[in-house]
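Below: the structure, in structure tokens.
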Protein chains: 2
Amino acid sequence: MDLDDIDRQIIAQLQGDGRRPFTQIANELGVSEGLVRYRVQRLTREKVMQVVGIADPLKIGFDLMVMVGIRVTPGMVREVADRVGKFPEASYVASIGGDLDLLLEVVCRDTAHFADLLNNRLHHIEGITSTQTFLILEIHKMAYGWGVPDAPAGERPRPHLPVPRE
Amino acid sequence: MDLDDIDRQIIAQLQGDGRRPFTQIANELGVSEGLVRYRVQRLTREKVMQVVGIADPLKIGFDLMVMVGIRVTPGMVREVADRVGKFPEASYVASIGGDLDLLLEVVCRDTAHFADLLNNRLHHIEGITSTQTFLILEIHKMAYGWGVPDAPAGERPRPHLPVPRE
DNA sequence: AATGAAAACCGAATTAT
DNA sequence: ATAATTCGGTTTTCATT
């Protein structure tokens with residue numbers, strides 16, 4: 001799906017405040033409220049963007065976050081990714097190129113919870129040849145949006161603006 | 001800040017849909033709209049939760065995501081984390097225990113953009129002793145919320161429910 | 001893109017804890 | 001003092017055109 005300038009600006013605004021009234025966005029952009037509503041609907045439907053509440057895990061009772069680097073038998077990466085992605089504790093799963101094949105971030109209540117996950121569930125998944133766990137000490141930044149890339153040549157560049165954690 | 005059951009349920013609902021009307025949430029929980037509004041305000045003020053629009057980087061014109069593992073001179077982790085967190089391209093910065101000291105996820109337009117970041121900016125930061133880059137091939141899951149942990153013993157457990165990417 | 005009706009929001013005053 | 005409800009006027013949303 002192709003984005004135009006209006007889409008990009010709407011995204012930028014909602015990245016700052018997901019509950020910003022459509023009328024305010026519309027005013028700022030000089031378009032009608034209906035258009036903003038229509039665009040937001042479309043962006044959401046096309047899964048380009050979504051508006052969600054996000055909570056800081058460490059503040060809502062989860063005390064342990066771990067990044068697990070996983071090596072997988074060649075050809076089984078997708079399958080393993082799907083499997084680990086089904087864990088409710090999994091907050092992030094990405095396949096990567098490099099020394100490891102998968103990155104899995106999990107959010108757990110405590111050490112016992114993670115131990116259970118690692119020993120009783122993760123290690124039973126077929127195709128995994130090794131895991132390496134990194135205890136997450138502190139999250140310094142988590143941007144929930146990734147900003148809007150520069151506009152095409154000729155137009156003024158828009159800020160590349162991730163929304164910082166705070 | 002302490003969360004009660006109402007806070008947790010509000011978070012859970014907004015994790016599903018950040019624009020869910022407060023009145024609907026209130027009805028579902030059997031409390032007044034004013035209370036929901038008050039709690040959301042407080043949760044936001046205390047930085048326990050925020051409601052934001054999040055966009056899929058790969059669908060809004062960013063073509064390259066990279067996870068960079070960083071080793072840092074002992075004692076300089078916080079400082080380096082702060083520095084790299086200032087990059088607008090940084091979407092995720094966490095200090096970790098293990099083979100690496102920092103994880104940095106960046107979102108770039110293209111290879112040239114990343115090359116510039118790596119060579120001209122990242123490698124000039126003092127305290128960094130080595131970097132290791134993992135090209136992100138595919139993001140299989142990105143949960144923007146981390147669910148709500150089980151309620152205290154005696155109460156019925158609540159679903160540990162991250163919001164899946166789709 | 002505009003309209004009008006229905007719904008939701010917001011500030012303030014009020015009561016309860 | 002902090003938390004929760006209620007109530008009005010205002011704004012937003014939504015269906016229809």
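Each chain gets a letter, A, B and so on, in the order the sequences are listed, and its residues count up from 1. The structure presented is a predicted model; accordingly, all values stated were derived computationally and were not measured.
- At a non-hydrogen distance threshold of 4.0 Å, A/Arg19, A/Ser32, A/Leu35 from residues 17-39 of chain A come into contact with DNA chain C.
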Evaluate A/Glu105 against A/Ile136 for side-chain contact (heavy atoms from CB on, under 4.5 Å), listing each step before the verdict.
CA-CA 9 Å; A/Glu105 187 188 65; A/Ile136 294 177; 3.5 Å; yes
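- In summary, B/Arg39 and B/Asp4 engage in a salt bridge, as defined by a charged side-chain N under 4.0 Å from a carboxylate O.
- In this structure, A/Met1 and B/Lys59 have side chains that are not in contact, with every pair of non-hydrogen atoms separated by 4.5 Å or more.
- Within 6.0 Å of CZ in B/Arg42 there are more than 12 heavy atoms belonging to other residues, nucleotides or ligands.
- One finds no salt bridge joining B/Glu126 and B/Arg83 here, because no Lys/Arg side-chain nitrogen approaches an Asp/Glu carboxylate oxygen to under 4.0 Å.
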